[in-house]
Amino acid sequence: MTSSNRTQVALVRESTPGVTPTTPRMRKVRITGESLQFAPTYVDSEEIRDDRMLGDPIKTNQSSSGGLNFELSYPDDLSPLSELIMSAFENAWVNTPQFFNDGTPDSVITDAGTAANTYAVTAGGAAVKQGHLVRATGFTNAANNQIFPVASSTSGTIVGTAIGLTAETAPPGTAKLKVVGFAGASGDITALADGLGSTTLDFTTLGLVPGQWVKVGGSAAASQFAFLITAGAKARAAAFARITAIAAHKLTLDNLPSGWTTDTGTGKTIWVFVGDQIKNGVTPNSVTIERGFLAQPIPSYIVNLGMRVNTFNIEMTSGDKLKGTAAFMGLGGGIGTTALDASPDAVTTGVVMAANANVGRLGVNQIQLGAPNWAKGFTVQINNNLRALDAVDSDVPVGINDGECTVTGNMSTYFGSKDEVEAFYNGTPRGINSRVAKNGQALIFQVPRATYRGGGNPQATAKNTDVMANFDYQASQDVLTNAHVLLDRFEYFEA
């Protein structure tokens with residue numbers, strides 16, 4: 001006998017589809033259920049027999065498929081959820097510069113504070129630019145865990161100004177440095193009617209791209225525009241906007257928060273937070289998935305090879321947790337009693353996100369949906385239209401071809417005005433985005449060009465009910481981002 005409560009699911013990214021890496025580092029997956037399978041296919045003989053009997057079924061081939069269900073939490077880089085998102089988007093994350101010892105002390109980050117105000121890294125430090133905000137975490141000495149503006153960098157060093165480090169010559173496996181934003185000098189960054197300006201800071205040096213989201217202002221009054229302080233805590237937490245153009249001394253933004261106005265930033269050292277981003281692409285990503293049935297006296301381990309996400313769905317429904325599903329198409333597989341990794345990495349610890357409490361925005365055409373058309377629910381689904389390739393001399397698929405990246409979803413609103421229904425009738429494209437934030441981390445799902453293709457017919461179905469307008473949408477290519485769907489993840493921001 002076995003129990004679902006003693007089922008372990010782990011995965012690892014493959015370099016070659018269908019081939020598990022040698023000595024893989026497996027990472028446990030957080031799930032609410034699974035339907036994975038590795039199954040043979042049989043056919044029956046067409047022979048006519050005078051005894052009315054049937055011979056054994058004839059095995060033709062076998063394949064991997066099925067799905068995982070999960071609740072949405074922050075997808076830490078390299079975590080299983082982050083890997084599944086890569087597979088669904090058929091692309092790699094574009095991360096802000098980061099350095100992580102990832103369990104091996106003194107490996108990537110090799111020193112803090114031996115040289116004044118300096119962190120030492122093995123390589124890549126020059127990607128961190130003057131003006132970047134770097135967050136240091138996981139160091140043994142508390143003084144070395146902080147956020148600081150970068151003064152200078154080289155390939156092997158990242159330097160702040162008077163940041164008070166304590167010498168640490170062998171940072172632990174938890175040590176991490178990550179760019180989480182940028183800051184100007186006192187009075188340098190200003191709020192413009194349509195974005196941000198600067199006198200000295202060069203926005204073109206910071207690795208920003210059109211379509212990327214930013215969060216304006218830190219928790220300290222000195223890092224926040226005066227008008228946002230006056231507007232209150234809720235307005236400060238909602239001060240996100242999207243980049244549409246980048247010049248040396250101007251960031252043009254849309255989807256500006258309510259109440260945005262001009263501000264010279266006099267005496268302020270404004271902080272602006274940024275995150276990682278992924279958008280739909282053309283680079284397949286496959287994983288090996290292993291299920292361990294640990295309640296058995298000798299646990300069985302079933303492996304699915306070459307698993308690629310065919311469909312990926314995120315559901316935000318009022319009054320519920322945020323939920324997701326990933327359905328796979330794969331190659332081979334098998335069963336045994338030896339785990340691929342005897343000590344897989346533990347599951348991530350980020351908290352589950354929920355509607356209402358954590359969904360800070362559902363925006364349409366640069367405006368947050370609110371009175372009188374409050375949003376009730378939102379879904380987004382990616383369908384990669386995968387096709388398994390069979391060969392007559394192989395009993396497992398020899399490959400998987402992808403098709404069109406079809407992005408669809410549903411948005412449910414109260415029917416308070418004609419605006420969205422009129423857009424449905426007229427076929428007017430809409431930009432849709434949804435922001436989810438919890439514990440100083442945020443995710444922003446973005447469908448920058450969508451057309452309502454179904455629903456959109458408000459009906460009074462019974463007495464004592466609310467009239468709703470439910471819209472089925474489909475994405476098309478957006479010129480600014482060259483994408484159907486994008487996801488920004490903020491590892492850290494302040495309100």
Side-chain angles (χ1 to χ4, degrees), residues 25 27-28 74-79 82 93-186 201 205-207 215 218-220 222-223 269 271-276 343-351 439-442 489-494:
R25 178 179 175 179
R27 301 173 192 262
K28 293 183 183 179
Y74 184 81
D76 294 299
D77 192 40
L78 301 179
S79 70
S82 179
W93 286 96
V94 179
N95 294 328
T96 64
Q98 61 185 18
F99 309 85
F100 184 30
N101 281 348
D102 197 17
T104 304
D106 201 30
S107 55
V108 175
I109 306 169
T110 57
D111 190 90
T114 298
N117 306 310
T118 300
Y119 293 89
V121 297
T122 54
V128 181
K129 304 299 182 181
Q130 182 180 9
H132 270 149
L133 281 175
V134 170
R135 182 177 183 234
T137 58
F139 289 84
T140 301
N141 294 312
N144 299 336
N145 298 314
Q146 58 174 288
I147 301 173
F148 64 95
V150 173
S152 64
S153 66
T154 67
S155 176
T157 63
I158 300 168
V159 183
T161 300
I163 55 177
L165 302 180
T166 300
E168 193 167 334
T169 58
T174 53
K176 185 174 185 178
L177 299 169
K178 182 170 179 63
V179 170
V180 295
F182 58 88
S186 179
L201 184 65
T205 67
L206 302 175
K215 161 64 175 68
S219 58
S223 64
T269 304
W271 285 16
V272 180
F273 295 91
V274 299
D276 308 327
S343 300
D345 284 14
V347 295
T348 59
T349 58
V351 291
N439 295 348
Q441 297 179 314
R489 63 179 179 194
F490 288 72
E491 184 173 297
Y492 178 83
F493 75 92
E494 294 177 359

Take atom CD in Glu494; do more than 12 heavy atoms of anything else shown fall under 6.0 Å from it?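 Counting other residues, nucleotides and ligands, CD of Glu494 exceeds 12 neighbours.
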Mind checking whether [X] and [Y] have side chains closer than 4.5 Å, heavy atoms only?
{"X": "Asp102", "Y": "Val108", "value": "no"}
{"X": "Thr122", "Y": "Thr110", "value": "yes"}
{"X": "Asp76", "Y": "Arg489", "value": "no"}
{"X": "Trp271", "Y": "Ile147", "value": "yes"}
{"X": "Tyr74", "Y": "Thr348", "value": "no"}
{"X": "Val274", "Y": "His132", "value": "no"}
{"X": "Pro149", "Y": "Leu133", "value": "yes"}

Side chain [X], main chain [Y], donor-acceptor under 3.5 Å:
{"X": "Asn117", "Y": "Val159", "result": "no"}
{"X": "Ser79", "Y": "Asp77", "result": "no"}
{"X": "Asn144", "Y": "Thr166", "result": "yes"}

For [X] against [Y], the heavy-atom pair lying closest together:
{"X": "Ala127", "Y": "Pro97", "result": "O-CG, 3.6 Å"}
{"X": "Asn141", "Y": "Ala167", "result": "ND2-O, 3.3 Å"}
{"X": "Ala126", "Y": "Ser153", "result": "CA-OG, 3.8 Å"}
{"X": "Lys28", "Y": "Pro344", "result": "CE-CG, 3.7 Å"}
{"X": "Gly138", "Y": "Pro172", "result": "O-CG, 3.1 Å"}
{"X": "Ala175", "Y": "Phe100", "result": "O-CD1, 3.3 Å"}

Ring pair (Phe, Tyr, Trp, His ring centres under 6.0 Å) with Phe99: which residues, sequence neighbours excluded?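 Listed in chain order: nothing, the list is empty.
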Under the side chain to side chain contact (heavy atoms under 4.5 Å, CB included) criterion, do Ile158 and Phe148 qualify, and how do the steps go? CA-CA 10 Å; Ile158 300 168; Phe148 64 95; 4.1 Å; yes
Residue among Val150, Leu201, Thr96 satisfying side chain to side chain contact (heavy atoms under 4.5 Å, CB included) with Phe182: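 Single side chain to side chain contact (heavy atoms under 4.5 Å, CB included) partner of Phe182 among Val150, Leu201, Thr96: Leu201.
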Taking atom [atom1] of [X] and atom [atom2] of [Y], what is their separation to the nearest 0.5 Å?
{"X": "Glu168", "Y": "Thr114", "atom1": "CD", "atom2": "OG1", "answer": "9.0 Å"}
{"X": "Asn95", "Y": "Ser82", "atom1": "CG", "atom2": "OG", "answer": "7.5 Å"}
{"X": "Lys129", "Y": "Leu206", "atom1": "NZ", "atom2": "CG", "answer": "9.5 Å"}
{"X": "Tyr492", "Y": "Asn439", "atom1": "OH", "atom2": "CG", "answer": "12.0 Å"}
{"X": "Thr169", "Y": "Asp106", "atom1": "OG1", "atom2": "CG", "answer": "7.0 Å"}

Taking side chain to side chain contact (heavy atoms under 4.5 Å, CB included) as the test, write out the residues that go with Thr205, two or more places apart.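 Listed in chain order: Asp202.
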Does the pair Phe139 and Ile109 meet the rule for a side chain to side chain contact (heavy atoms under 4.5 Å, CB included), with working shown? CA-CA 10 Å; Phe139 289 84; Ile109 306 169; 3.9 Å; yes
Among Gln98, Lys176, Lys178, Gln441, which residue meets the side chain to side chain donor-acceptor pair (under 3.5 Å) test with Glu491?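 Result for side chain to side chain donor-acceptor pair (under 3.5 Å) with Glu491: Lys176.
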Donor + acceptor pair across side chains of Thr154, Thr157 (<3.5 Å):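 Side-chain D/A pair, Thr154 to Thr157: present.
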